[in-house]
Participant: 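Sharing a structure here in structure tokens format.
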Amino acid sequence: MFDSSQRLARALGLGLLALAAAPAWSGTSAEVTEFGSNPGRLRMFQYRPDAPRTPAPLVVALHGCQQTALDYARQAGWIQQADRWGLVLLLPEQQAANNGQRCFNWFEPELIGRDRGEAGSIRQMIARLQADHAIDPQRIYVAGLSAGGAMSAALLAAYPEVFAGGAIVAGVPYGCASGLPSALRCQFWGRDLEPAQWSALVLQATAGLALKPPNWPPVSIWQGGSDWVVDAGNAGELVEQWTALQGIELSAGEETTGPGYSHRVYRDAAGQPRVEFYLIEEMGHGQPIDPGPGEAQCGVPADYALPVGICASYHTIRFWGLMP
């Protein structure tokens, strides 16, 4: 039986990470202190490779609880992807003053609305990077782990016209929770809604935009089958949410398998992949990595960076079409 502090740390996603030596990188990381009114009181870090593309794609990478922005970027392999493919990284970081476990507050409606709270802070960070660097406005993406994955879903819902794609690792559907008690329920036990109900929650967040398929960003969803923090059923609900928004029937999924995982792709009427889902059968709670020097390898093992033989950050940017 966990005491209350332990249960909260596990429930909101992601206990302490072991520090691990990361592969050397060639670019530059820095904190940016001035980027707007910062309504969510977040910290902003950036990573710029030595040879970024011109204009450069931008990936917003969101850490989990008890992680720092740069540790997550190293451990999940995002810095390696930035160096390999010329991507600029935006690395928002939560502060303990906002959340004792340093989780993004994905479950508080007032903090994830358009131009409000933490979501508003991250939007201001994107604008600052666009002012400082030659960023491709058509290639801005967001990805995150656990609490960061749930915040990624919230950002995709709040700003679908900003993001060209997203990735949600061990996350929950947008709109699942509206406060701490319901957040715990969503993570531990999930919430079963119909696809149209899930999509309606997103549509409420963007009622003034009148978006239609295929204007919704394509989404890559990853989940461990043995996750002890986030009930694996949340991934299925995420698939329902984003296929419904894309106007794709669940029966249209094309499934393949690999060593220890299954992969399902949902394509639109034009044959373009719009939603994909990786289920890593024996994986617990964390980011799938595959350490090594190969192009498809990445990551540094840690408590929540799990060497399961497949690199989520690599396959995500491949899904997004970011490889030359």
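Since the structure is predicted, the reported quantities are computational estimates derived from the model, not experimental observations. When reading the values below, keep in mind they use all heavy atoms of this one structure, side chains included, and skip hydrogens, waters and symmetry mates.
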Participant: What is the ring orientation for Trp228 with Tyr304, classed by angle as parallel under 30°, tilted 30 to 60°, or perpendicular over 60°?
Facilitator: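 Plane angle between 30° and 60°, so tilted.
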Participant: Drop me the distance from Glu31's CD to Leu70's CG, to the nearest 0.5 angstrom.
Facilitator: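 Those atoms lie 9.5 Å apart.
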Participant: Taking side chain as C-beta onward, heavy atoms only, is Leu58 less than 4.5 Å from Leu129?
Facilitator: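 With C-beta onward as the side chain, the pair touches.
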Participant: State, yes or no, whether a side-chain contact exists between Cys298 and Asp290 at a heavy-atom distance under 4.5 Å.
Facilitator: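 SC-SC contact between Cys298 and Asp290 ruled out.
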Participant: Does any N or O in the side chain of Asp268 come within less than 3.5 Å of the main-chain N or O of Gly271, such that one atom is a donor and the other an acceptor?
Facilitator: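 At least one qualifying donor-acceptor pair exists.
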Participant: Does Ile112 reach the side chain of Tyr174, with side-chain heavy atoms less than 4.5 Å apart?
Facilitator: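 A side-chain contact exists here, since the closest heavy-atom pair is under 4.5 Å.
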Participant: Once you round to the nearest 0.5 Å, how far does OG of Ser220 lie from CD1 of Ile317?
Facilitator: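 Between Ser220 OG and Ile317 CD1, I get 11.5 Å after rounding to 0.5 Å.
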Participant: Determine whether the side chains of Ser37 and Gln124 contain a donor N or O and an acceptor N or O closer than 3.5 Å.
Facilitator: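 Checked: Ser37/Gln124 side chains pair up, N/O donor to acceptor below 3.5 Å.
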Participant: So which atom in Gly27 and which in Asp83 form the shortest heavy-atom distance, rounded to 0.1 Å?
Facilitator: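 That closest heavy-atom pairing would be N-OD1, 3.9 Å.
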Participant: Which heavy atom of Cys311 sits nearest a heavy atom of Trp222, and at what distance?
Facilitator: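 Looking at all heavy atoms of both residues, the shortest contact is O-CH2, 4.5 Å.
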Participant: Has the side chain of Gln241 got a donor or acceptor atom that lies under 3.5 Å from a matching backbone atom of Trp198?
Facilitator: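 Pair found, side chain donor or acceptor close to backbone of Trp198.
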Participant: Hey, does Tyr141 have a side-chain heavy atom less than 4.5 Å from the side chain of Leu322?
Facilitator: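 A side-chain contact under 4.5 Å exists here.
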Participant: Starting at CD1 of Ile79, measure out to OG of Ser29 and round the result to the nearest 0.5 Å.
Facilitator: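 Those atoms lie 6.5 Å apart.
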Participant: Should the heavy atoms of other residues, nucleotides or ligands under 6.0 Å from CZ of Arg318 be counted, would the total exceed 12?
Facilitator: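 No.
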Participant: Which heavy-atom pair separates Pro39 from Ser121 by the least distance, and what is that distance?
Facilitator: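 So the two residues come closest at N-OG, 3.3 Å.
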Participant: Keeping the roles fixed (side chain from Ser152, backbone from Gly144), state whether a donor-acceptor pair exists under 3.5 Å.
Facilitator: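 Yes, Ser152 side chain to Gly144 backbone: donor-acceptor pair under 3.5 Å.
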Participant: Which label fits Trp320 and Trp78: parallel for a plane angle under 30°, tilted from 30 to 60°, or perpendicular past 60°?
Facilitator: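 Ring orientation of Trp320 relative to Trp78: parallel.
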Participant: Excluding sequence neighbours, so at least two apart, what forms salt bridge (charged side-chain N to carboxylate O under 4.0 Å, His left out) with Glu93?
Facilitator: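 Partners of Glu93 under the salt bridge (charged side-chain N to carboxylate O under 4.0 Å, His left out) test: Arg43, Arg102.
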Participant: Quick check for you: to the nearest 0.5 Å, what is the distance between Asp136 atom CG and Thr54 atom OG1?
Facilitator: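 Between Asp136 CG and Thr54 OG1, I get 10.5 Å after rounding to 0.5 Å.
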Participant: Is it the case that over 12 heavy atoms from other parts of the model lie below 6.0 angstrom from the CD atom of Glu282?
Facilitator: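 No, the 6.0 Å shell around CD holds no more than 12 heavy atoms from other groups.
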Participant: Looking only at the side chains, is there a donor atom on one of Gln287 and Tyr72 sitting less than 3.5 Å from an acceptor on the other?
Facilitator: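 On atom types as modelled, these side chains qualify, holding a pair under 3.5 Å.
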Participant: Please answer whether the main-chain N or O of Ala96 pairs with a side-chain N or O of Asn99 as donor and acceptor at a distance below 3.5 Å.
Facilitator: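 Absent.
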Participant: Would you say the side chain of Ser262 lies within less than 4.5 Å of the side chain of Glu255, judging by non-hydrogen atoms?
Facilitator: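 Yes. Closest side-chain heavy atoms under 4.5 Å.
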Participant: For residues Pro92 and Leu62, report the shortest heavy-atom separation together with the two atoms involved.
Facilitator: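 Of all heavy-atom pairs spanning Pro92 and Leu62, the closest is CG-CD2, 3.6 Å.
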Participant: Would you say Arg274 and Tyr266 make side-chain contact, with heavy atoms under 4.5 Å?
Facilitator: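 Arg274 does not reach Tyr266 side chain to side chain.
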Participant: Taking Glu161 first and then Arg114, would you say they form a salt bridge - that is, a charged N and a carboxylate O separated by under 4.0 Å?
Facilitator: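 Arg114 and Glu161: salt-bridged.
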Participant: With no hydrogens and no angle check, is any side-chain donor or acceptor of Ser182 less than 3.5 Å from a backbone partner on Ala177?
Facilitator: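 Not a single qualifying donor-acceptor pair exists.
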Participant: Are more than 12 heavy atoms, taken from residues, nucleotides or ligands other than Glu34, located less than 6.0 Å from that residue's CD atom?
Facilitator: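 Count not over threshold, so no.
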Participant: Group every Ile, Leu, Val, Met, Phe, Trp and Tyr by side-chain heavy-atom contacts under 4.5 Å, then state whether Val265 and Leu250 land in the same group.
Facilitator: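 Result: no, two separate clusters.
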Participant: Mind listing the closest non-hydrogen atom pair of Pro288 and Ile280 along with its distance?
Facilitator: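 Residues Pro288 and Ile280, closest heavy atoms: CG-CG1, 4.3 Å.
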Participant: Within a strict 4.5 Å, meaning less than it, do heavy atoms of the Ile289 and Val308 side chains meet?
Facilitator: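 Side chain of Ile289 against side chain of Val308, heavy atoms only: no contact under 4.5 Å found.
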Participant: Of the options His63, Gln67, His285, which is the one that meets Ser146 in a side-chain hydrogen bond (donor to acceptor under 3.5 Å, both in side chains)?
Facilitator: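 When His63, Gln67, His285 are each tested with Ser146, the side-chain hydrogen bond (donor to acceptor under 3.5 Å, both in side chains) holds only for His285.
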Participant: Would you call Arg191-Glu237 a salt bridge at under 4.0 Å N-O?
Facilitator: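 So Arg191 does not pair with Glu237 through a salt bridge.
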Participant: Quick one about Gln81 and Ser313 (side-chain donor to acceptor, distance below 3.5 Å, no hydrogens or angles considered), yes or no?
Facilitator: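 The criterion, which ignores hydrogens and geometry beyond distance, is satisfied for Gln81 and Ser313.
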Participant: Classify the ring geometry between Trp216 and Trp242 as parallel (under 30°), tilted (30 to 60°) or perpendicular (over 60°).
Facilitator: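 The arrangement is perpendicular - the two ring planes meet at more than 60°.
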Participant: Taking it one step at a time, do Trp85 and Glu295 satisfy side-chain contact (heavy atoms from CB on, under 4.5 Å)?
Facilitator: CA-CA 10 Å; Trp85 309 107; Glu295 179 181 285; 3.7 Å; yes
Participant: Indicate the atoms forming the closest heavy-atom contact of Ala244 with Pro195, along with that distance.
Facilitator: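 Heavy atoms of Ala244 and Pro195 come nearest at CB-O, 3.6 Å.
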Participant: Among Glu254, Gln272, Glu276, whose side-chain hydrogen bond (donor to acceptor under 3.5 Å, both in side chains) with Arg267 holds?
Facilitator: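 When side-chain hydrogen bond (donor to acceptor under 3.5 Å, both in side chains) is applied between Arg267 and each of Glu254, Gln272, Glu276, only Glu254 qualifies.
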Participant: Is a donor from one side chain sitting under 3.5 angstrom from an acceptor on the other, for Asp71 and Gln75?
Facilitator: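 Per modelled atom types, Asp71 and Gln75 side chains form no pair under 3.5 Å.
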Participant: How far apart are the C-alpha atoms of Asp231 and Phe188, what are their side-chain angles, what is the distance that settles it, and do they pass the side-chain contact (heavy atoms from CB on, under 4.5 Å) test?
Facilitator: CA-CA 5 Å; Asp231 184 85; Phe188 281 124; over 6 Å; no
Participant: Please report the interatomic distance CD(Gln130) to CD1(Ile140), rounded to the nearest 0.5 Å.
Facilitator: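 Answer for the CD-CD1 pair, Gln130 versus Ile140, is 4.0 Å.
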Participant: Evaluate the side-chain contact (heavy atoms from CB on, under 4.5 Å) criterion for residues Gln94 and Leu42: first the C-alpha distance (whole Å), next the side-chain angles of each, then the deciding distance (0.1 Å), finally the verdict.
Facilitator: CA-CA 5 Å; Gln94 182 61 283; Leu42 302 179; 3.2 Å; yes
Participant: For Leu111, run the side chain to side chain contact (heavy atoms under 4.5 Å, CB included) check against Arg41, Met151, Glu118, Arg116 and tell me which one passes.
Facilitator: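 Testing Leu111 for a side chain to side chain contact (heavy atoms under 4.5 Å, CB included) against Arg41, Met151, Glu118, Arg116 leaves exactly one candidate, Glu118.
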Participant: Does the pair Val230 and Gln223 meet the rule for a side-chain contact (heavy atoms from CB on, under 4.5 Å), with working shown?
Facilitator: CA-CA 9 Å; Val230 175; Gln223 179 65 49; 4.1 Å; yes
Participant: Can you measure from CD (Gln46) to CG (Leu89) and round to the nearest 0.5 angstrom?
Facilitator: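 Going from the CD atom of Gln46 to the CG atom of Leu89 covers 10.0 Å.
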Participant: Find out whether Asp115 and Tyr159 are in side-chain contact, i.e. whether some heavy atom of one side chain is under 4.5 Å from a heavy atom of the other.
Facilitator: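 SC-SC contact between Asp115 and Tyr159 confirmed.
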